Asker: 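Dropping a structure here in structure tokens format, bear with me for questions.
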Amino acid sequence: NMRVYKDGEYHLFYQYNPYGCMWGNMHWGHAVSKDLLSWEHLPIALAPDGLGAIFSGSCVVDKNNTAGFGKDAIVAFYTSAGASQTQSMAYSLDNGKTFVKYDHNPVLISEERDFRDPKVFWYEPQQKWVMVVSADKEMRFYSSTDLKDWTYMSSFGEGYGIQPNQFECPDFFELPVDGNPDKKKWVLIVNINPGCLYGGSATEYFVGDFDRTKFTCDTPKEHTKWMDWGKDHYATVTFSNTGDRVIAMPWMSNWQYANVVPTKQFRSAQGLPRELSLYTEGGHIYMASTPVDELS
């Protein structure tokens, strides 16, 4: 699930099989909304090619034209899932209506069999882009100045949280603690499968610090913080380019039964959008997840 906000519109890209109601033939479906509630379906954004199917990723707005595609281009990052899993990109110069794939894909490769779901964001203090990619049982951090050439920085996750399980769909962002702009912490979202308290898929998160290259968690390895206690909360990621607001949206299903839900026209749904914040309790920092104000 890939999300971006630009010029008054929220873009929701999602994993989509146009040929059936089971997982497969992965494309990026596309819907837009002005209020996070009413969504309009748009044509498919990305279709498979010679590098493979189109798995999850993220989108950014390249305000400074660092990639040279054009000022304010929406740049999409996705996993090309072919013989191996590699990271590719595409760009849009018409506010996300159509995308052009980059000529020199893939932009990042690995020896890892499970290497997917690139989350990209702009890191202002160093004027660079950071990409977080799920690599089997950990997350890996890369940096770039032009969105094209990526350098490995660090990894996080080995032994952390509920183990062992597959790390997927990372997200990484900074939030004030207890509403104090002078005290901020970084949050790493890790979607895991299996590993949910009640079986199957779930979203956990880690709070800590980012020293420009490496994330350090505040709590011991075995300390797990769950973003949600239900069974239908997975692949949770946030919209980019939303200013001070951090708005997340989960996929409302679980891989234990996602493929056998008795529906034909659709396979499952997105959960309600929620705004994220940090609060302190009992000496620990936790993340609150509050339905967005637009719902009122």
Side-chain angles (χ1 to χ4, degrees), residues 1 3 56-58 112 114-123 125 130-143 152-180 183-198 200-230 233-240 245-251 271 274-290:
N1 300 310
R3 334 219 180 284
S56 290
S58 59
E112 206 68 64
D114 292 299
F115 185 62
R116 54 181 175 266
D117 315 329
K119 172 69 183 193
V120 176
F121 67 94
W122 177 251
Y123 185 62
V130 174
M131 180 192 288
V132 191
V133 188
S134 53
D136 195 32
K137 308 290 190 296
E138 66 180 18
M139 297 301 184
R140 293 187 185 163
F141 290 75
Y142 299 82
S143 69
Y152 173 80
M153 294 195 297
S154 62
S155 62
F156 170 85
E158 188 178 350
Y160 275 86
I162 299 292
Q163 290 282 343
N165 50 58
Q166 184 68 55
F167 276 28
E168 289 190 315
C169 298
D171 208 327
F172 194 57
F173 45 83
E174 197 177 24
L175 281 171
V177 180
D178 298 319
N180 179 0
K183 186 185 181 187
K184 290 187 170 180
K185 284 287 183 179
W186 285 86
V187 179
L188 178 66
I189 285 182
V190 177
N191 289 279
I192 56 167
N193 184 58
C196 179
L197 281 175
Y198 311 108
S201 323
T203 307
E204 60 184 5
Y205 67 92
F206 302 93
V207 178
D209 296 304
F210 182 59
D211 70 357
R212 303 182 171 209
T213 59
K214 189 174 176 61
F215 172 70
T216 308
C217 182
D218 284 355
T219 47
K221 283 190 171 186
E222 64 280 359
H223 190 87
T224 304
K225 295 175 180 176
W226 297 104
M227 192 168 165
D228 194 274
W229 295 88
H233 187 283
Y234 193 57
T236 314
V237 290
T238 64
F239 286 89
S240 67
R245 298 181 79 189
V246 178
I247 301 168
M249 210 174 189
W251 173 54
R274 55 214 61 199
E275 194 151 350
L276 306 181
S277 58
L278 294 177
Y279 67 95
T280 310
E281 189 174 289
H284 287 291
I285 298 171
Y286 295 99
M287 189 160 66
S289 177
T290 312

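All values reported here derive from a predicted model rather than from experimental measurement.
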Asker: Nearest 0.5 Å, what's the NZ-CZ distance between Lys214 and Phe156?
Answerer: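 So the gap between those two atoms works out to 9.0 Å.
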Asker: Mind checking side chain to side chain contact (heavy atoms under 4.5 Å, CB included) for Ala235 and listing every partner two or more places apart, or none if nothing turns up?
Answerer: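 Ala235 satisfies side chain to side chain contact (heavy atoms under 4.5 Å, CB included) with Asn1, Cys169, Trp251 once adjacent residues are dropped.
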Asker: Thr216: what forms a side chain to side chain contact (heavy atoms under 4.5 Å, CB included) with it, not counting sequence neighbours?
Answerer: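 Thr216 satisfies side chain to side chain contact (heavy atoms under 4.5 Å, CB included) with no residue once adjacent residues are dropped.
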Asker: Roughly how far apart are Ser56 OG and Glu168 CD, rounded to 0.5 Å?
Answerer: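 The distance works out to 8.0 Å.
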Asker: Tell me every residue that passes side chain to side chain donor-acceptor pair (under 3.5 Å) with Ser58, counting only those two or more places apart in sequence or in another chain.
Answerer: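 Partners of Ser58 under the side chain to side chain donor-acceptor pair (under 3.5 Å) test: none.
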Asker: Under the side chain to side chain donor-acceptor pair (under 3.5 Å) test, which residues partner Asp211, sequence neighbours left out?
Answerer: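 Asp211: side chain to side chain donor-acceptor pair (under 3.5 Å) contacts with Thr213.
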Asker: I'd like to check the side chain to side chain donor-acceptor pair (under 3.5 Å) partners of Asp228; sequence neighbours left out, ordered by chain and number.
Answerer: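 In terms of side chain to side chain donor-acceptor pair (under 3.5 Å), with neighbours along the sequence ignored, Asp228 is linked to no residue.
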Asker: For Lys185, what residues pass the salt bridge (Lys or Arg N to Asp or Glu O under 4.0 Å) criterion, not counting sequence neighbours?
Answerer: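 Salt bridge (Lys or Arg N to Asp or Glu O under 4.0 Å) list for Lys185, sorted by chain: Asp209, Asp218.
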Asker: Verify, without hydrogens or angle tests, whether Asn191 (side chain) and Thr236 (backbone) share a donor-acceptor contact under 3.5 angstrom.
Answerer: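 Confirmed, Asn191 side chain pairs with Thr236 backbone.
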Asker: If the condition is side chain to side chain donor-acceptor pair (under 3.5 Å), which residues does Arg245 pass it with, not counting sequence neighbours?
Answerer: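 Partners of Arg245 by the side chain to side chain donor-acceptor pair (under 3.5 Å) criterion, ordered by chain and then number, come out as Glu275, Glu294.
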Asker: Identify each donor-acceptor pair in which a side-chain atom of residues 157-164 lies under 3.5 Å from a protein atom, sequence neighbours left out, and give them as a table.
Answerer:
residue, atom, partner, partner atom, Å
Gln163, NE2, Gly157, O, 3.4
Gln163, NE2, Tyr160, O, 2.8

Asker: Check ring-ring contact (aromatic ring centres under 6.0 Å, His included) between Tyr142 and all other residues, then give those that pass, not counting sequence neighbours.
Answerer: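 Tyr152.
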Asker: If I compare all heavy atoms of Pro176 with all of Lys184, which pair ends up nearest, and what's the gap?
Answerer: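 For Pro176 versus Lys184, the nearest heavy atoms are CA-CG, 3.9 Å.
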Asker: Do any pairs count as a side-chain hydrogen bond (donor to acceptor under 3.5 Å, both in side chains) and have a residue in residues 278-289, sequence neighbours left out, and if so which ones?
Answerer: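 Applying side-chain hydrogen bond (donor to acceptor under 3.5 Å, both in side chains) to every pair that reaches into residues 278-289, excluding sequence neighbours, yields Asp178-Thr280.
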Asker: Listed by chain and number, what are the side chain to side chain contact (heavy atoms under 4.5 Å, CB included) partners of Glu222, not counting sequence neighbours?
Answerer: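 With sequence neighbours excluded, Glu222 shows a side chain to side chain contact (heavy atoms under 4.5 Å, CB included) to Pro220, given in chain and number order.
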Asker: Enumerate, atom names and distances included, each donor-acceptor pair closer than 3.5 Å involving a side-chain atom of residues 131-141, sequence neighbours excluded.
Answerer:
residue, atom, partner, partner atom, Å
Ser134, OG, Arg116, O, 2.6
Ser134, OG, Asp117, OD2, 3.4
Glu138, OE2, Arg140, NE, 2.8
Glu138, OE2, Arg140, NH2, 3.3
Arg140, NH2, Glu112, OE1, 2.8

